[in-house]
2 protein chains.
Amino acid sequence: MPLQKISREEMIFTSAQVFRKRGYNNTSMNDLADACGLTKGVFYHHFESKEELMKAVLHGVHLHFKTTLFALAYSDKYTPEEKLDKFLTKAQKMFSKSDGGCLMANTALETLSSLPEFAPYLREFFADWIDAMTQIYSSVYQEDKARRIAEQTVQEFEGAVMFLRIFGERRYMDEMLERAKLRLMIA
Amino acid sequence: MPLQKISREEMIFTSAQVFRKRGYNNTSMNDLADACGLTKGVFYHHFESKEELMKAVLHGVHLHFKTTLFALAYSDKYTPEEKLDKFLTKAQKMFSKSDGGCLMANTALETLSSLPEFAPYLREFFADWIDAMTQIYSSVYQEDKARRIAEQTVQEFEGAVMFLRIFGERRYMDEMLERAKLRLMIA
DNA sequence: TCAAATATACTGAACGGTTGGTAAGTATGC
DNA sequence: GCATACTTACCAACCGTTCAGTATATTTGA
């Protein structure tokens, strides 16, 4: 099928960026088609509906974070301190390089009450994120405590991303990262 | 003017609940009119546009929190520990009694990139919230440190509200409140 | 005192535009 | 020739917004 202009993966990735910036309800199928250099009819050739497309986007983004970021936590090439540092630095880059914040958090707060079918995708994403950070912190804390610290860190992370967007000051992210690293050092 | 079915304040308050649950873009003027027992034409008699209505809603909610919650931090009838406890307990009730989470956070993540005119209302709300918590923590920490802890607490709070909605477990809120109280005790 | 004039809250229909989604037809490559 | 990818045109429904008209209360003035 070399007559396809762009791959399904590219459509999903480009759609993810548009959804993150404009939100789910404020993004039309035409917006997505324009961003991909296509007409919206093509989208209905590849995806059943806007909701199914969004599910594919959420799944794709989850997979991208799983292999690119979360996997770092399970590597055995670094010390826990190095792992946490690499993890947080990479996370910060992924979230703050382009405006629009975190697609998963944006989608959660926008659609959780009106489109519950997205909920499982959001749940699994954050569960995986927490698992990854639990893995890192459990090198210093016991499983239980490590998980609670991981949950706290993810919560603070999303709060900091929101503050970064609201106030436009990157110190919220920096200070949050320092606190997360401190938690590993002063166990 | 007793010929008015419901007051402007009631329209704003009812609209706030609908916006919080359904989101800004997914709420139509008809939805708001139905919730108020009116027709949508009436809304345009009281508000210039949907965006102006939303600004009135954001301002009204801000005022409500200012007088009902934030004011607690400046009371001189309680010890700092009592103030923090009352503040957090009340905040938890206000946020978790009805589903939909926090209107301000929802609106921020949904509209910050596409409707920047709402940003000042969101900024001022969170700035006031941080100021209030800074006031409480500054009884134990010096101004600078108190403010950073206040910012951290608000970030964690919003993160916990999101987790409560995603996972449906109230322990995220409870554990967050415990951490916030601990920060005052082990200065 | 009691209409007439005025102001306000509201109704219901209509508007131009956009939405998610469909269908019929064309181009492309095996 | 035949499946796949794509274009174009289209649909009904809904969107935010407008507006002419109606109902109700208040103010006015003789």
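Note that the structure is a prediction, hence the values are computed from the model and not measured. First the proteins, then the strands, lettered A, B, ... as listed; each starts at 1.
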*asked:* What contact category does A:Thr27 fall into here, base, sugar-phosphate, or nothing, at under 4.0 angstrom with non-hydrogen atoms?
replied: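 Here A:Thr27 touches the backbone only, sparing every base.
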*Counting any heavy atom closer than 4.0 Å, what does B:Ser28 reach on the DNA or RNA strands: base, sugar-phosphate only, or nothing?*
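B:Ser28: backbone/sugar contact only, no base atoms under 4.0 Å.
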*With DNA chain C as reference, determine whether A:Met29 or B:Val42 sits nearer its 5' end, using the nearest nucleotide of each.*
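Whichever sits nearer the 5' end wins; that is B:Val42.
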*Toward the 5' end of DNA chain C, which comes first, B:Gly41 or A:Glu51, by nearest nucleotide?*
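Upstream on the strand: B:Gly41.
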*For the side chain of B:Leu38, counting heavy atoms from C-beta on, which of D:dC6, D:dT17, C:dT11 is nearest?*
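Nearest nucleotide to the side chain: C:dT11.
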_Shortest side-chain distance from A:Lys40, nucleotide among D:dA5, C:dG20, C:dT11_ =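 From the listed options, C:dG20 comes nearest.
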Rounded off to whole Å, could you give me the [atom1]-to-[atom2] distance for the [X] and [N] pair?
X: A:Glu52; N: C:dG20; atom1: CD; atom2: P; result: 15 Å
X: B:Leu53; N: D:dT17; atom1: CG; atom2: C1'; result: 13 Å
X: A:Phe43; N: D:dT8; atom1: CZ; atom2: P; result: 16 Å
X: A:Glu48; N: C:dG21; atom1: CD; atom2: P; result: 10 Å
X: A:Ile6; N: D:dT4; atom1: CD1; atom2: C1'; result: 16 Å
X: A:Asp34; N: D:dT7; atom1: CG; atom2: C1'; result: 14 Å
X: A:Leu115; N: C:dG20; atom1: CG; atom2: C1'; result: 13 Å
X: B:Leu32; N: D:dC15; atom1: CG; atom2: C1'; result: 13 Å

Please check the phosphate of [N] (OP1 and OP2 only) for any side-chain N or O of [X] closer than 4.0 Å.
X: A:His45; N: D:dA5; answer: yes
X: B:Tyr44; N: D:dT17; answer: yes
X: B:Thr39; N: C:dC10; answer: no

*Using heavy atoms to find the nearest nucleotide of DNA chain D for B:Asn30 and A:Met11 separately, return the residue whose nucleotide is more 5′.*
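Its nearest nucleotide being more 5', the pick is A:Met11.
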*Would you check, one step at a time, whether the test side chain to side chain donor-acceptor pair (under 3.5 Å) holds for A:Arg20 with B:Ser113?*
CA-CA 9 Å; A:Arg20 188 189 56 210; B:Ser113 296; over 6 Å; no
_Using a 6.0 Å cut-off, check whether atom CZ of B:Arg171 has over 12 heavy atoms from anything other than its own residue._
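Yes, enclosed.
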_Distance under 6.0 Å and angle within 45° of ring axis: B:Lys50 vs B:Tyr24_ =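 Yes, B:Lys50 and B:Tyr24 form such a contact.
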*asked:* Is the ring pair A:Phe70/A:Phe87 parallel, tilted or perpendicular, if the boundaries are 30 and 60 degrees?
replied: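 Parallel, since the angle between the ring planes stays under 30°.
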*asked:* Suppose we call two aromatic rings close when their centres sit under 6.0 Å apart. Are A:Phe167 and B:Phe126 close by that rule?
replied: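 Between B:Phe126 and A:Phe167, which both carry aromatic rings, the centre distance is not below 6.0 Å.
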